[in-house]
Amino acid sequence: MINITLPDGSVKQYNQGVTALDVARDISEGLARNVLAAKVNGEVWDATRPLTEDVQLQLLTWRDAEGKSAMWHSSAHLMAEAIELLYPGVKFGIGPDVENGFYYDIDFVDHDISDKDFGKIEKKFLELAREKQTFDRKEVSKKDALAYFTEKDDEYKLELINDLEDGEITFYESGYFTDLCRGPHIPNTSPIKAVKLLKVAGAYWRGDETRKQLTRIYGITFPKKKELDEYLELLEEAKKRDHRKLGKELDLFTFSQKVGLGLPLWLPKGAQLRERLEQYLKKVQNEAGYEPVITPHIGNVELYKTSGHYQKYGEESFKPIKTPVEGEEFFLKPMNCPHHCEIYNSRPHSYKELPIRYAEFGTVYRYEQSGELHGLTRVRGFTQDDAHIFCTPDQIKDEFNGVIDIINQIFKALDFKDVIIQISLRDPDNKDKYIGSDENWEKAESAIIDVADERGLNAVIEYGEAAFYGPKMDFIVKDALGRKWQLGTIQVDYNLPERFDLTYIGPDNEKHRPVMIHRAPFGSMERFVAVLIEHCAGNFPLWLTPDQFIVLPISEKYQEYAEKVLHLLKKYEIRGLIDDRSEKTGRKIRDAELKKIPFMLIVGEKEEAEGTVSVRKHQHGDMGTFEIEQFANMINEEVEQMTFAK
RNA sequence: GCCAACAUAGCUCAGUUGGCCAGAGCAGCUGAUUUGUAAUCAGCCGGUCGGGGGUUCGAAUCCCUCUGUUGGCUCCA
């Protein structure tokens, strides 16, 4: 007999060889039907795998993330089975579960596949699911495993098996399909009631662009058709928030083939919005002791040879510009730091001056691969809210903390709540990819980790994500469709000070090396605005929105009064416009609602006589009649509150 | 850059298996209307059907190619 401890602390006794599914059945049939997998001593197992000793057991269902994983992973197998039946001879790469569903990388050999084939695959998929196929785990020797896939002529699986140790190889058999797989899987396919294949994409085998590109098919499954419908509806809703769509609708930005791809053009309303963000940050930075600097858009090739960027990125940059007579070469600047180093170097510095903080909204240009360009989030020309802090090694922590304060303040003012904080460190197995000494790297990495610990930040550590010159802390936010974008970043850099031979005179009258901190709270204005648009679905906070109100005169008779209202509100520094078209009020309201203007001020006979406005709030409706001053105070209070959100 | 799909008026989209001068709604312009909380009416303007090549008696429609967009992959100082 063995003891099974359940999450509520109760202990039950069973015969050796009992399965999690048996335990579930013992509790209730309903539970047994819903069990997808089991957590055994903290490790996720098949619910059908025999338990041979005393264990802590947790049954996993659709409600648990691990339960979903097991089902989606099993769905990947099922899709592979369907595809193998429909397209004999295809070869399989890997097929894991992902955040929302699963994918399988497949070499279709000589079959052509596109999303037009999805319907056929989905149909076969559901047929197979209804067969209640079980997933049978088999431990296989390396020799047998190799033999099986040699027979199948699947070089991808063979490569995977060759990387595994004998004794740790398992196969799963389901229906007609056998796959190399660690598991775990759901007991059988009956919970999979609804499937949707979502997209086809090319994916390099093992993420290596020098290797063959396989066809990746993404899909998602649900235990109920209704849940699938809800998910698809959610995707539709998300599309409405897409910054590319809203940017067009709200006249914020555009692109022109003639100007060039990846080069955004800011329209008046978008430029206004962006300028407000910049002014806000300038004010915050001014209070935090930053000094503005301005540098040109190009820099001599020598500058980037000194910085090391030339060696690393020279080949994948826009080609240099040459002066016609001297033949001197200049790069469009891909970052501002080398310029700022030269500003620092323009005269000697005393330790008493440090830290020095140079800030610049610097526009930079980077050659990005054409397939990667995406709205405002991935462009070839963009403006960083950049600053470089030059400080002594023992000032790093304070400075780092100061930057985090600024980032927190901004994210709070804009109501960004779901921010992922990532500490990006060097890949310890691939140190040649980075410049600088081990000692400096270790110092910088531990400084960042210490600050995160001290502030109790819930940060994730990622190895191999560091910049080539130093480790960093990134602030990552998701867009409407759940894609992750890096916004703010703080980077410690011991390398550029070396390369530019930056120094300060210490109290000992000797030269010392300062440390540089690169930081950009927004990251880039383009990307930040894009994420902001999606975050608030185009309903910008009052302090940022291009037009705060629109006056809607009932008829031309009240045009003069409308102008008076506009004029008065201007005096309170509230911005707006008048809809003077010869349209009905209902129409003007509809258009203003669609333009997402926060307040509509309706004025007619009554308002003119009383010197008031009738206020309608966007998405809320009629708020009643206000004195003009009263309305102005309401707006200004709201603006004040948001800007100074702590 | 790679894989796949897509590209028709400023915007959103119709255009069946190639067949009369390519259509609609919105926007724009002109006029009428003088309007009270999400669309007043009428007329007009607007397209070398992304560019180029080809097949055909005939191409928005079929083929090739280039460009761009979208979704991924790879990359991201």
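The sequence lines fix the lettering, A, B, ..., with proteins before strands; numbering per chain opens at 1. What you are looking at is a predicted structure, and each value in this text was computed from that prediction instead of being measured.
Taking 3.5 Å as the limit, the base of B:rU35 and the side chain of A:Thr585 contain no donor-acceptor pair of atoms between them. Between the side chain of A:Ser614 and the base of B:rU37, a donor-acceptor pair under 3.5 Å is found. Taking 3.5 Å as the limit, the base of B:rC75 and the side chain of A:Arg378 contain a donor-acceptor pair of atoms between them. In this model, a side-chain donor or acceptor of A:Arg616 finds a partner on the base of B:rA38 within 3.5 Å. You won't find any donor-acceptor pair under 3.5 Å spanning the side chain of A:Gln257 and the base of B:rG51, going by distance alone. Residue-to-nucleotide contacts include a donor-acceptor pair under 3.5 Å from the side chain of A:Tyr204 to the base of B:rG1.
When the side-chain nitrogen and oxygen atoms of A:Arg244 are compared with OP1 and OP2 of B:rG71, one or more of them lie within a distance under 4.0 Å. Taking 4.0 angstrom as the limit, A:Arg587 places a side-chain polar atom (N or O) nearer than this to OP1 or OP2 of B:rU40.
Figure legend. B:rG46 is base-paired to no nucleotide; pairs are counted as Watson-Crick or G-U wobble with both atom distances under 3.5 Å. If you check B:rC2 for Watson-Crick or wobble pairing at under 3.5 angstrom, you find it paired to B:rG72. Under the Watson-Crick and G-U wobble criteria, each requiring two contacts below 3.5 Å, nucleotide B:rU55 is left unpaired. Of all nucleotides present, only B:rG10 satisfies the Watson-Crick or G-U wobble test against B:rC26, with each distance under 3.5 Å. Summarising the base pairing, B:rU40 is matched to B:rA32 through a Watson-Crick or G-U wobble pair whose two defining distances lie under 3.5 Å.
The existence of a salt bridge linking A:Glu526 and A:Arg366 is excluded, since no basic side-chain nitrogen approaches an acidic carboxylate oxygen closer than 4.0 Å. Ion pair A:Lys595/A:Asp591 not flagged as a salt bridge, since none of the NZ, NE, NH1 or NH2 atoms sits closer than 4.0 Å to an Asp/Glu carboxylate oxygen. Note on A:Lys484 versus A:Asp479: no salt bridge recorded, every NZ/NE/NH1/NH2 to OD/OE distance being 4.0 Å or above.
Atom CG in A:Leu252 sits 8.0 Å away from atom CG in A:Leu246 (nearest 0.5 Å).
For the C1' atoms, the distance linking B:rG54 with B:rU61 amounts to 15 Å, nearest Å. Comparing the C1' positions of B:rG31 and B:rU67 gives a spacing of 43 Å, expressed to the nearest Å. Going from the P atom of B:rU55 to that of B:rG43 covers 45 Å, rounded to whole Å.
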Where do A:Arg206 and A:Asp163 land on the salt bridge (Lys or Arg N to Asp or Glu O under 4.0 Å) test, with the steps shown first? CA-CA 13 Å; A:Arg206 300 200 127 177; A:Asp163 287 352; 2.9 Å; yes

